[in-house]
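Just so we're clear, the structure is a prediction, and the values are computed from it rather than from any experiment. Side chains are part of it too, since the values below use all heavy atoms of this structure and drop only hydrogens, waters and symmetry mates.
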Amino acid sequence: VQLQASGGGLAQAGGSLELSCAASAHTFYSYAMGWFRQAPGKEREFVASVSWGGRNKNYADSVRGRFTISRDNANNMVYLRMNRLKPEDTAVYYCAADENTVSGAVPDLVQQYEYWGQGTQVTVSS
């Protein structure tokens with residue numbers, strides 16, 4: 001599975017960005033998908049995940065209510081809409097795929113994901 005993230009860039013605090021992730025998997029519909037981020041000097045952390053069909057979603061407390069994860073199984077895409085951005089959201093954002101899961105699962109641990117994209121930089125200025 002190959003994952004290609006895009007959509008990062010520079011935003012002002014309070015602004016919005018939308019990240020996209022294109023997946024190459026033929027059975028994309030059977031992967032749980034997640035977004036993680038890593039700021040300089042920090043460990044990679046969970047941001048959001050979505051189950052196979054998109055019904056179940058999971059968010060980190062730090063982004064709940066501001067970020068929205070969604071997926072389009074017909075086009076092998078997953079998105080992260082980020083609103084009300086804060087400077088502390090600055091990080092490299094990674095999309096990830098988990099094939100060893102069951103319908104409805106929304107994994108939130110780095111080690112649960114087998115496939116990772118290359119990352120896209122998000123910088124939020126104050």
Side-chain angles (χ1 to χ4, degrees):
V1 176
Q2 292 186 328
L3 303 173
Q4 181 72 40
S6 61
L10 177 65
Q12 290 188 332
S16 298
L17 285 173
E18 183 171 78
L19 306 183
S20 300
C21 178
S24 66
H26 292 297
T27 57
F28 175 75
Y29 56 85
S30 67
Y31 290 74
M33 298 296 298
W35 286 97
F36 290 75
R37 66 187 182 187
Q38 189 166 18
K42 295 187 177 181
E43 294 187 351
R44 192 167 299 189
E45 66 174 5
F46 170 74
V47 175
S49 59
V50 60
S51 59
W52 289 5
R55 180 173 185 176
N56 295 339
K57 301 176 181 180
N58 188 15
Y59 295 95
D61 289 343
S62 59
V63 307
R64 187 174 290 112
R66 299 188 298 121
F67 292 10
T68 302
I69 188 171
S70 61
R71 65 188 297 163
D72 177 356
N73 285 349
N75 293 294
N76 286 17
M77 296 291 295
V78 63
Y79 304 96
L80 185 69
R81 177 69 179 180
M82 305 184 294
N83 295 327
R84 303 201 311 273
L85 284 162
K86 303 176 181 180
E88 51 263 44
D89 294 320
T90 295
V92 177
Y93 283 71
Y94 299 89
C95 64
D98 176 11
E99 66 177 349
N100 294 316
T101 186
V102 297
S103 176
V106 281
D108 57 6
L109 299 177
V110 170
Q111 55 264 37
Q112 291 177 291
Y113 289 83
E114 296 80 24
Y115 304 100
W116 294 83
Q118 85 290 358
T120 184
Q121 176 71 46
V122 171
T123 303
V124 183
S125 62
S126 58

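- Both Phe28 and Val50 are part of a single hydrophobic cluster, where members link through side-chain heavy atoms under 4.5 Å apart.
- Phe46 and Leu3 fall into different hydrophobic clusters, where Ile, Leu, Val, Met, Phe, Trp and Tyr residues are linked whenever their side-chain heavy atoms come under 4.5 Å apart, directly or through other members.
- Put simply, the side chain of Arg81 never gets that close to the backbone of Thr68: no donor and acceptor are under 3.5 Å apart.
- Using a 4.0 Å cut-off between a side-chain N of Lys or Arg and a carboxylate O of Asp or Glu, Lys86 and Asp89 do not qualify as a salt bridge.
- Formation of a donor-acceptor pair under 3.5 Å by the Gln118 side chain with backbone atoms of Gln4 is not found in this model.
- Note on residues 2-28: no pairs pass salt bridge (charged side-chain N to carboxylate O under 4.0 Å, His left out), not counting sequence neighbours.
- In the hydrophobic clustering of ILVMFWY residues, with side-chain heavy atoms under 4.5 Å counting as a link, Ile69 and Val106 come out apart.
- Leu17 and Met77 sit in two unconnected hydrophobic clusters of ILVMFWY residues. Membership requires side-chain heavy atoms under 4.5 Å apart, directly or through other members.
- In the displayed structure, Gln2 atom CD is contacted under 6.0 Å by at most 12 heavy atoms of other residues, nucleotides or ligands.
- Side-chain atoms of Gln112 do not come within 3.5 Å of backbone N or O of Asp98 as any donor-acceptor pair.
- Among all heavy-atom pairs drawn from Tyr31 and Ala97, the shortest one is CD2-CB, 3.8 Å.
- Identified under the disulfide (SG to SG under 2.5 Å) test for residues 13-96, with sequence neighbours left out: Cys21-Cys95.
- The two residues Ala32 and Tyr113 have their closest heavy-atom pair at O-CE2, 4.0 Å.
- With Phe36 as reference, Trp116 is the one residue of Trp116, Tyr93, Tyr94 to meet the ring-ring contact (aromatic ring centres under 6.0 Å, His included) rule.
- Of all the heavy atoms in Val122 and Leu19, the pair that sits closest is CG2-CD2, 4.0 Å.
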